[in-house]
2 protein chains.
Amino acid sequence: MTAHRQTKQLEAIRTAFQTAERPLSIEELHELATRDVGTLGLRTVYRAVRRLEEEGEIARVLVPGDSDRYELASVASKHHHHFHCTACDRYFDVHGCPGGLNKIIPNGFKLEHHDLTLSGLCSSCA
Amino acid sequence: MTAHRQTKQLEAIRTAFQTAERPLSIEELHELATRDVGTLGLRTVYRAVRRLEEEGEIARVLVPGDSDRYELASVASKHHHHFHCTACDRYFDVHGCPGGLNKIIPNGFKLEHHDLTLSGLCSSCA
DNA sequence: TAGTTATTGACAATTTATTGTCAATAACCG
DNA sequence: CGGTTATTGACAATAAATTGTCAATAACTA
């Protein structure tokens, strides 16, 4: 059968998500997982991300003016937002959400979702 | 001297911003301004946008997972947010802003800016 | 109005991100 | 262990957005 093999490459990528605890770009994933594998090719990261996304293990995070990030689906499923550090260029999870958004939309509009991206300096860079 | 010539192409692009009253993509600009000029080339739109941006007449709007938009600097300078209609794919201005964002950021982080993108259906599509 | 030159637009070229290909490798199964 | 085949990674190829080029045009100036 077409089973899934347990490779050290995919393991390293999964580990990167687990330990980083923040949304990761393809490049970040490559860099982080390379610490475990060393020979990890960028092509493999692209394949793994696509697969993990299709299987619902990770979810794509869209951020303004920056390449897509990915985070664990278990994290993504809980409503939250993101903080972008303009110094180290990393994204962090922000749990908490300003409410009352229905009050600010124009008349006749139907609000369904919202994305909030905070930015500034993370604790390491501040 | 290197003055600026008043061309109908640039005029059409300026008019598009004035009448649309919402952030426009390069493609949208091309489409809207083409109604005035007809022969307007995409190359000209790229050039005009770059120049208007450099001269501070328009400002780039970064939106999550979508190509950049541009809006009049006079609009951009007033703090506001955007609404994305998932049906017609247009962006609209939202005046108003949820406050209290400092309360939700992690400890030690320094909040400087924030971007809020609401999404759903605009009044035309709802 | 005639001359100068900024602007335009067709087309080619570039850039960057992502995917296709395929031989070598390594994970899994009996 | 040995065979099967999913996976990997080097490399080429593609796709899409943006920019370079340059002859033709159109705005401006004297």
Side-chain angles (χ1 to χ4, degrees), chain A residues 1-17 23-71 84 89-91, chain B residues 1-17 23-71 84 89-91:
Chain A
M1 296 294 106
T2 312
H4 285 181
R5 294 182 177 176
Q6 178 172 331
T7 67
K8 49 181 184 262
Q9 286 88 347
L10 186 55
E11 220 29 62
I13 288 171
R14 279 205 178 95
T15 299
F17 280 116
L24 299 175
S25 67
I26 296 284
E27 294 297 340
E28 285 175 323
L29 265 177
H30 186 224
E31 147 134 21
L32 290 174
T34 294
R35 296 178 190 172
D36 282 357
V37 171
T39 64
L40 181 66
L42 193 54
R43 187 69 185 86
T44 299
V45 178
Y46 273 107
R47 259 188 300 239
V49 164
R50 167 187 267 243
R51 192 158 119 182
L52 293 177
E53 190 188 9
E54 284 175 353
E55 294 172 357
E57 191 170 324
I58 64 175
R60 191 189 305 252
V61 177
L62 306 177
V63 293
D66 214 337
S67 58
D68 297 347
R69 263 63 182 171
Y70 297 88
E71 64 185 0
H84 177 228
D89 202 40
R90 292 181 296 179
Y91 286 81
Chain B
M1 295 296 107
T2 312
H4 285 184
R5 293 182 177 175
Q6 179 173 330
T7 66
K8 49 182 184 261
Q9 287 88 346
L10 187 55
E11 220 30 62
I13 289 171
R14 278 205 178 96
T15 299
F17 279 116
L24 299 175
S25 67
I26 296 285
E27 295 296 341
E28 285 176 323
L29 265 178
H30 185 225
E31 147 135 23
L32 290 174
T34 294
R35 296 178 190 172
D36 282 357
V37 171
T39 63
L40 181 64
L42 194 54
R43 186 71 185 88
T44 299
V45 178
Y46 274 107
R47 258 188 301 239
V49 163
R50 166 188 268 244
R51 191 157 120 180
L52 293 177
E53 190 188 6
E54 284 176 354
E55 293 173 356
E57 191 169 326
I58 63 176
R60 190 188 306 250
V61 177
L62 305 177
V63 294
D66 215 337
S67 59
D68 296 349
R69 263 64 185 170
Y70 297 88
E71 64 185 2
H84 177 228
D89 202 39
R90 292 182 295 180
Y91 285 82

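Residue numbers start from 1 in every chain, and the chains themselves are labelled A, B, ... in the order their sequence lines are given, proteins ahead of strands. All heavy atoms count here, side chains included; hydrogens, waters and symmetry mates do not. Not measured: the values here are computed from a predicted model.
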Student: Does a salt bridge link A:Arg14 with A:Glu11, judged by any charged N lying under 4.0 Å from a carboxylate O?
Tutor: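 Answer for the salt bridge query: yes.
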Student: Rounded to whole angstrom units, what separation is found between the NE2 atom of A:His4 and the C1' atom of C:dA26?
Tutor: 17 Å
Student: What pair of heavy atoms forms the shortest contact from A:Leu40 to A:Ala33, and how long is it?
Tutor: CD2-CB, 3.4 Å
Student: Working to the nearest 0.5 angstrom, can you tell me the gap between A:Ile26 CD1 and A:Arg50 CZ?
Tutor: 11.0 Å
Student: Given D:dC28, C:dT19, C:dC28, identify the nucleotide with an atom nearest to the side chain of A:Arg5.
Tutor: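 Output: C:dC28.
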Student: Verify the contact: side-chain N or O of B:Ser67 to OP1 or OP2 of D:dA17, cut-off strictly under 4.0 Å; return yes or no.
Tutor: no
Student: Does the side chain of B:Asp89 reach to within under 4.5 Å of the side chain of B:His84, using non-hydrogen atoms?
Tutor: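 When only atoms from C-beta onward are counted, B:His84 and B:Asp89 do touch, with a gap below 4.5 Å.
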Student: Do A:Leu52 and A:Ile13 touch side chain to side chain, with heavy atoms closer than 4.5 Å?
Tutor: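 Answer yes - side chains close enough.
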Student: Starting at OH of B:Tyr70 and ending at P of D:dA17, how long is that distance when rounded to a whole Å?
Tutor: 13 Å
Student: Can you tell me how far C1' of C:dT16 sits from CD of A:Glu27, to the nearest Å?
Tutor: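 That distance rounds to 11 Å.
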Student: Kindly give the heavy-atom pair with the smallest separation between B:Pro64 and B:Tyr91, and that separation in Å.
Tutor: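 In terms of heavy atoms, the two residues are closest at O-OH, 4.4 Å.
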Student: Taking DNA chain C as the partner, which of residues 36-47 of chain B come within under 4.0 angstrom of it by heavy atom?
Tutor: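 Contacting residues: B:Thr39, B:Leu40, B:Gly41, B:Arg43, B:Thr44, B:Arg47.
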Student: How close or far is atom P of C:dT16 from atom CG of B:Asp68, stated in whole angstroms?
Tutor: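 It works out to 16 Å between those atoms.
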Student: Quick one: B:Lys8 NZ to D:dA26 P, roughly how many Å, whole number?
Tutor: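 From B:Lys8 NZ to D:dA26 P: 6 Å.
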Student: Round to the nearest Å and state the distance from B:Leu10 atom CG to D:dC28 atom P.
Tutor: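 Between P of D:dC28 and CG of B:Leu10: 11 Å.
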Student: By nearest nucleotide on DNA chain D, pick out whichever of B:Thr7 and B:Ile26 is the more 5' one.
Tutor: B:Ile26
Student: Among A:Arg35, A:Glu28, A:Glu27, exactly one meets side-chain contact (heavy atoms from CB on, under 4.5 Å) together with A:Glu31. Which residue is that?
Tutor: A:Arg35
Student: Could you give the CD1-to-P distance, from B:Ile13 to C:dG9, as a whole number of Å?
Tutor: 9 Å
Student: Using only side-chain N and O atoms of A:Gln9, determine if any of them is under 4.0 Å from OP1 or OP2 of D:dG9.
Tutor: yes
Student: From NE2 of A:His30 over to P of C:dA17, roughly how many Å is that when rounded to an integer?
Tutor: 14 Å
